[in-house]
Amino acid sequence: MRINRFILKFSCLLLFCVFLYSGCGVMPVTKQREFLMGTVVDITVHNRDAAAAGKAVEEAFAEAKRLEGMLSIYRPDSEVTRVNRSAGKEAVRVSEETFYIIEKAVEFSVISGGAFDITVLPLVELWDFPDGGRVPSDEEISEALELAGYRGILLDREDSSVKLTREGMKIDLGAVAKGFVVDRMADILRGAGMSGALVNAGGDIYALGTSYSGGGWRVGLRHPREKQKIVDVFTLEGRAAATSGDYERYFTLDGERYSHIIDPVSGRPARGVMSATVLAETCMEADALATMLFVLGPEEAESIIQRFNAEAVIFKEGWEYGEEKRI
Ligand code: AMP
Ligand code: MG
């Protein structure tokens with residue numbers, strides 16, 4: 001048995017292309033790129049006072065780094081790691097931000113009937129996505145499924161504490177935290193009075209105010225398989241976008257593609273969808289909804305999207321340009 005491993009760390013960057021018009025306005029443009037949260041994060045600011053823009057951008061990145069330190073499962077001292085380490089033992093007091101994200105994640109689980117579930121980490125690890133991928137046995141999947149289930153997350157708002165009820169349970173905010181961080185970065189830029197800014201964390205986008213053209217920010221959506229094909233161009237102004245795709249992180253075995261998003265019912269990689277893109281008021285919502293719709297598919301997407309002021313574009317496996325479901 002031969003395993004072909006492909007981990008396309010930055011491929012999500014390919015998903016959105018941002019159309020920038022330079023040289024046509026008098027306002028200076030400030031750009032900065034950093035590697036954070038496992039991806040490339042770009043900020044583009046369009047503001048009359050370039051010095052103020054530079055300062056605001058620095059502050060936005062500093063905040064993102066602070067949040068990453070609290071939320072990342074790859075940091076041994078993060079709040080999320082402490083919650084996971086204390087599973088089945090004790091409640092862990094966490095910051096307001098971490099508590100808020102976990103609380104919201106549980107709400108998304110309820111809305112999706114469990115398709116979105118931050119307790120899937122033991123399954124993600126079992127399929128070995130961090131290291132390249134393998135197909136586990138049915139017994140292994142059943143055992144890991146015992147450890148999954150958002151109902152095992154106990155939240156105490158008074159105490160700002162989180163407890164995972166069973167030993168071995170683990171949460172991973174990977175499907176939602178990037179969106180939260182992008183929103184926070186946008187808040188900082190807005191608070192600093194920037195007239196226009198685009199924050200793009202590997203395809204998790206928030207567009208603030210106006211771009212170079214004087215209108216909203218134009219963001220192109222690429223086809224999940226044919227990277228040269230732009231299937232849509234959105235004009236975003238005070239709005240967010242995010243995509244979950246089966247090409248972001250996956251491995252193939254005997255011609256079968258196994259993606260990094262787990263269906264919490266089967267304990268196996270979700271199948272049937274190539275990409276789910278969501279536009280929403282906040283990037284956190286867009287991020288969570290995109291992951292959720294990747295699991296649920298277009299048939300169940302409509303009722304969920306209608307609960308939010310959101311829009312979605314979903315490509316099922318094999319769908320060509322023009323066949324996508326738009327809600
Ligand atoms: P995203 O790229 O935003 O769709 O998030 C995918 C990441 O979220 C994965 O790499 C996992 O760490 C985690 N994840 C996988 N499956 C789920 C799920 N069903 N619900 C919530 N998080 C998930
Ligand atoms: Mg997501």
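First listed ligand is number 1; within each ligand, the first listed atom is number 1. All values below were derived from every heavy atom in this structure, side-chain atoms included, with hydrogens, water molecules and symmetry-related copies excluded.
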Q: Looking at E58 and K55, is there a salt bridge between them, counting it only when a charged N and a carboxylate O are closer than 4.0 Å?
A: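 Salt bridge absent between K55 and E58.
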Q: What do you reckon, does A115 have a nitrogen or oxygen under 3.5 Å from a nitrogen or oxygen of ligand 1?
A: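 The answer is yes, given that A115 and ligand 1 share an N or O pair closer than 3.5 Å.
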Q: Relative to the heavy atoms of G174, which atoms of ligand 1 are at a distance of less than 4.0 Å?
A: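 Ligand 1 atoms under the 4.0 Å threshold to G174: 3 (O), 5 (O), 8 (O).
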Q: So, are E103 and R157 salt-bridged, with charged N and O less than 4.0 Å apart?
A: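 Counted as a salt bridge, because a side-chain N and a carboxylate O are separated by less than 4.0 Å.
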Q: Does any N or O of ligand 1 fall below 3.5 Å from an N or O anywhere on F116, backbone included?
A: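 For ligand 1, there is no N or O atom that lies under 3.5 Å from one belonging to F116.
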Q: Quick one: does A290 get within less than 4.0 Å of ligand 1, heavy atoms only?
A: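 Under 4.0 Å: no for A290.
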Q: With the Mg ion (ligand 2) as the reference point, give the N/O/S atom of D287 that is nearest.
A: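 Atom name of the closest N, O or S in D287: OD1.
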Q: Report, in ascending order of atom number, the atoms of ligand 1 lying under 4.0 Å from any heavy atom of D287.
A: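 Those atoms are 3 (O).
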Q: Can you tell whether the side chains of R166 and E146 come within less than 4.0 Å, N to carboxylate O?
A: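 Here R166 does not pair with E146 in a salt bridge, since their nearest N and O are not under 4.0 Å apart.
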Q: May I ask you to decide whether K178 forms a salt bridge with D287, counting only side-chain N to carboxylate O separations under 4.0 Å?
A: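 A salt bridge is absent here (no side-chain N lies under 4.0 Å from a carboxylate O).
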Q: Could you please spell out the steps behind the side chain to side chain contact (heavy atoms under 4.5 Å, CB included) verdict for W217 and R239?
A: CA-CA 10 Å; W217 296 83; R239 209 153 161 76; over 6 Å; no
Q: Return yes when atom CZ of R271 has more than 12 non-hydrogen atoms of other residues, nucleotides or ligands closer than 6.0 Å, and no otherwise.
A: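 No, the 6.0 Å shell around CZ holds no more than 12 heavy atoms from other groups.
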Q: What atoms of ligand 1 come closer than 4.0 angstrom to any heavy atom of V120?
A: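 So the answer, numbered in order with elements, is 14 (N), 15 (C), 16 (N), 17 (C), 23 (C).
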Q: Flag the pair D138 and R268 as a salt bridge only when some basic side-chain nitrogen lies within less than 4.0 angstrom of an acidic carboxylate oxygen.
A: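 Here D138 pairs with R268 in a salt bridge, since their nearest N and O are under 4.0 Å apart.
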Q: State, to the nearest 10 degrees, the angle whose vertex is the Mg ion (ligand 2) and whose arms point to O of A175 and OG1 of T291.
A: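 It comes to 100°.
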Q: Under a 4.0 Å heavy-atom limit, does I261 contact ligand 1 with its side chain, its backbone, both, or neither?
A: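 Contact part for I261 vs ligand 1: both backbone and side chain.
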Q: Counting from 1, what ligand 1 atoms have a heavy atom of P264 closer than 4.0 Å?
A: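 Atoms satisfying the 4.0 Å criterion: 19 (N).
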Q: Which of the listed options, M292, K178, E125, H260, holds the heavy atom that is closest to atom 2 (O) of ligand 1?
A: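 Shortest heavy-atom distance from atom 2 (O) of ligand 1: H260.
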Q: Would you mind finding which of S259, S244, A148 brings a heavy atom closest to atom 4 (O) of ligand 1?
A: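 Considering heavy atoms of S259, S244, A148, the nearest to atom 4 (O) of ligand 1 sits in S244.
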Q: Is the shortest distance from a Lys or Arg side-chain nitrogen in K170 or E125 to a carboxylate oxygen in the other one below 4.0 Å?
A: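 So K170 pairs with E125 through a salt bridge.
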Q: I need the atoms of ligand 1 closer than 4.0 Å to a non-hydrogen atom of D117, numbered in the order shown.
A: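 Within the 4.0 Å cut-off of D117, ligand 1 contributes 18 (C), 20 (N), 21 (C), 22 (N).
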Q: Checking S244 against T291: is there a side-chain donor and acceptor pair closer than 3.5 Å?
A: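 The answer is yes; a qualifying pair exists.
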Q: Short list, please: which atoms of ligand 1 are under 4.0 Å from a heavy atom of T291?
A: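 Those qualifying, in numeric order: 1 (P), 3 (O), 4 (O), 5 (O).
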